[in-house]
Amino acid sequence: MANVEHGGRPGEAFGAAPGTARARLGMVRAGLWLIAAVLAVRQLATVLNTPDSERLTDLETWVGPEGVLHVNGSLYDSTRFTGTPFGGLVLKPLTRAAEQALGWGWTFGTLLLVVALGVVAARALPQPVSRRTALLAAPVAISLLMLSLPVRNTLYLGQTSIIPVLLVLLGCFAVRGERTSGLLIGLAAALQPTVLLFAPLLWFTGRRRAAVSTGLTFAAATALAWAAMPHDSYTYWVHHLAGVGLGRPADDLANESLHGALLRLGVEGPPEIALFLVLAAAVAVLGLRRAVRYARDGQLLLAVAVTGCVAIAVAPTTWQHQLLWVLLALSGRVGKKAGDRYVWPVAVVLVMTLPAKMMLPNMAVLYPLRDNVVLLAALAAATAVPFLSRTSEHYRSPVPTRYAQPVPTRWRRVPLLPFLGRVLTRPNLLLELLLIRVGYSAYQQVRLAATGGTNTGGRATAEHHGEQVHSIEKFLFIDIEHWVNHTVVRIGWLEDFFNFYYTSFHFVVPLTVLGVLYARRPADYRWARAALGFATLLALVGFWLYPLAPPRLMPGLGFIDTVHGVQDFSQPDYGTLTALTNQYAAMPSLHFGWSLWCGLVIAILAPRWWMKALGLLHPLFTVSAIVATGNHWVLDAVGGAAVVGAGFGLTYLLQGPRPRPRTQPAGDGGTGKAEEVGKAGKAEEAGKAGKAGEAGKAGEVSTAEPAPVKGRTPS
């Protein structure tokens, strides 16, 4: 919310009249709280509907009938208990509670802790914040927490990792008095020792009583546990070096610390220990210096997040349920331009809510990045991300986004979402690549889920639908697939050409078109990207509702798969992508749909007639290839054309027509291009300088001239 609020929008909500704005703000707030409640209920249902043997496994390990906390010997006789001795001392009374009641109580209690954490974090946003941010921040924060992998992991395992984070936030933002603040943070450190890193933050920001109180509370709690459980305390603090070696192996993927990353990279033994200590010291010094600077700047929540990210990196083991500090780093603002403000928050949300394999391709060279993506986010927040200071001129007023003037439409209510506007500036490349990758991963997952998660799960239904499509084509006299397939097989060079075209151009051409538009025509890139996104989304609905076997997987019809050879209909083989794709996602054909999108975009935007002609040849070759290779029915191509048409239609309906160049007066002779560039540059300078008079004059030159418009962010 802190990032979005200052993206250049008007002060009043939605730019409406005060009364209307308040009403809309109330509706949005109610909707956000409803979303938070639905997510909480969903998480609760997911945990409680999981079989008893599979849910709350850590809690059961501790307090079940044979749990660690029941035994008379050391808590650390096995490696199942990973908490501090003080944590064990606190948890021991829970062993007297009924197991079922404890499971329900633990789950509900954890949800309440998440709500409290979201409310405290929302109230801790750096001042000043607008009324809109103050009202909407809490439900947004709670929703993000509910979606985050650490919270989901905590609920599933029955862990206590939310408690230290909440104690730190309460100590920094909710309680009065430095001693009380230090008491809460010290208790958090007694449960999670790396929280002691907050003591230097308190000390160097002038809260020395709180720092001393933190240290004393930690020492007292640890001493109490040592007195009550001396053998356990010796085992934890001396033998295991503050928990090192407890739980899973340190090189497990769930350990997102520098120690775990070095082990996964193959560094072991004394060299690994020495390198870890050097890197941990460097991260601690650099991160705490940044945290102190942000705290003195009035961004205490960001300082807390940076310190927590340091704790993630320098701890010997940082399991997935202990990674919430990264999500708090959303409070920092990054980027001088309004269009760049979304990059950091979107990246953090994706890292903290989605599996790493959805963000990075499954390639061996990228495994080090994929396996340590949360650690890299924590290191970036702690040491590298250039968060803006509150004294920066761009902190509250980023460089505004440039918008094209609205294009007239035939219908009064088009566009339905005028606030999206027509952005002229180029979108952030990192954000675009990240969203394209995540979108394609979601596309793959939905395709596969449409058949129950397996290629054979929907075979019977898909083949039945294949018979339906074949019958319709015969009725319409367009069942040419078998004839085309066998004709092409008899001509070797033609078969090779269609096989190559089918396997090579499906991704290359759309990505090339997007790349060229991104570099040369940013406004048209946004228009074309939106149409492609809508078409793909509609196609996913088709895959889900109507799984369809392609001709090559229809038994008894005699089709030849020219690309992959003879198929086993019970276990279709689609090469190396078999496990990742839905073999029955044939209707509509995105192979043809994406090619048609490319052809239309090129035909509309290309400056030369021969370029337009080449663009239109691509969908012609593609439809020939998908039919000739036995991968699609003719009606699949019709379906692909339908979703592409609907995609362009939805783009027009929601966002209006695509931006158009300046209308040239009669007799201009095509010489107005240089003038247009010069006028746009003058208008941009006027907008940046904030001189309303100059901006007005620039607007008078031509009513269709693109000019900077403050108060809007990119769609």
Side-chain angles (χ1 to χ4, degrees), residues 83-91 113 116-127 160-229 233 236-237 242-243 280 283-285 287-315 318 322 324-325 327-329 331 381-382:
T84 63
F86 179 74
L89 185 66
V90 173
L91 288 171
L113 291 177
L117 184 62
V119 171
V120 175
R123 292 174 63 87
L125 289 175
Q127 299 297 321
T160 61
S161 52
I162 294 176
I163 297 176
V165 181
L166 180 59
L167 287 174
V168 170
L169 291 186
L170 290 175
C172 291
F173 302 107
V175 299
R176 295 183 179 180
E178 292 190 15
R179 290 188 178 89
T180 306
S181 174
L183 174 66
L184 293 176
I185 299 174
L187 288 175
L191 296 172
Q192 190 174 323
T194 50
V195 173
L196 274 177
L197 286 168
F198 284 91
L201 174 65
L202 296 171
W203 181 273
F204 289 112
T205 54
R207 303 177 68 181
R208 298 191 173 183
R209 290 183 179 179
V212 172
S213 178
T214 296
L216 292 177
T217 302
F218 169 77
T222 303
L224 176 63
W226 201 295
M229 308 162 66
S233 297
Y236 181 85
W237 292 107
V283 170
V285 171
L288 288 175
R289 287 184 62 183
R290 281 163 53 91
V292 169
R293 184 168 72 249
Y294 293 129
R296 290 173 176 171
D297 186 54
Q299 301 185 70
L300 184 55
L301 181 59
L302 178 58
V304 168
V306 169
T307 306
C309 289
V310 172
I312 288 174
V314 305
T318 306
Q322 299 171 329
L324 270 178
W325 301 109
L327 198 57
L328 297 179
S331 58

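Along the sequence shown, residues carry numbers from 1. Since this is a predicted model, take the numbers as computed values, not measurements.
Of the possible polar contacts, one joining the Arg290 side chain to the Ala381 backbone as a donor-acceptor pair under 3.5 Å is found.
Closest approach of Val310 to Gly287, counting heavy atoms only: CG2-CA, 3.7 Å. In plain terms, the two heavy atoms of Ala280 and Val314 that are nearest each other are O-CG1, 3.5 Å.
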Name every donor-acceptor pair, under 3.5 Å, that has one atom in a side chain of residues 210-220 and the other anywhere in the protein, sequence neighbours excluded.
residue, atom, partner, partner atom, Å
Ser213, OG, Arg179, O, 2.9
Ser213, OG, Leu183, N, 3.3
Thr214, OG1, Gly182, O, 3.4
Thr214, OG1, Ala210, O, 2.8
Thr217, OG1, Ser213, O, 2.7

Show every donor-acceptor pair shorter than 3.5 Å between a side-chain atom in residues 298-305 and any protein atom, with sequence neighbours excluded, or say none if there are none.
residue, atom, partner, partner atom, Å
Gln299, NE2, Asp297, OD2, 2.8
Gln299, NE2, Leu388, O, 3.0

Name the atoms and distances for all side-chain donor-acceptor pairs under 3.5 Å in residues 184-209, with sequence neighbours left out.
residue, atom, partner, partner atom, Å
Thr205, OG1, Leu201, O, 2.6
Thr205, OG1, Leu202, O, 3.2
Arg207, NH2, Ser181, OG, 3.4

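Every residue two or more places apart in sequence or in another chain was checked for a ring-ring contact (aromatic ring centres under 6.0 Å, His included) with Phe86, and none qualifies.
Distance check, rounded to the nearest 0.5 Å: OG1 of Thr222 to OH of Tyr236 gives 9.0 Å. Taken to the nearest 0.5 Å, the OG1 atom of Thr160 stands 8.0 Å off from the CD atom of Gln322. In this structure, CG on Leu327 lies 9.0 Å from CG on Leu117, to the nearest 0.5 angstrom.
Between Pro164 and Val168 there is no side-chain heavy-atom pair separated by less than 4.5 Å.
Counting heavy atoms of neighbouring residues, nucleotides and ligands inside a 6.0 Å radius, atom CZ of Arg293 exceeds 12 of them.
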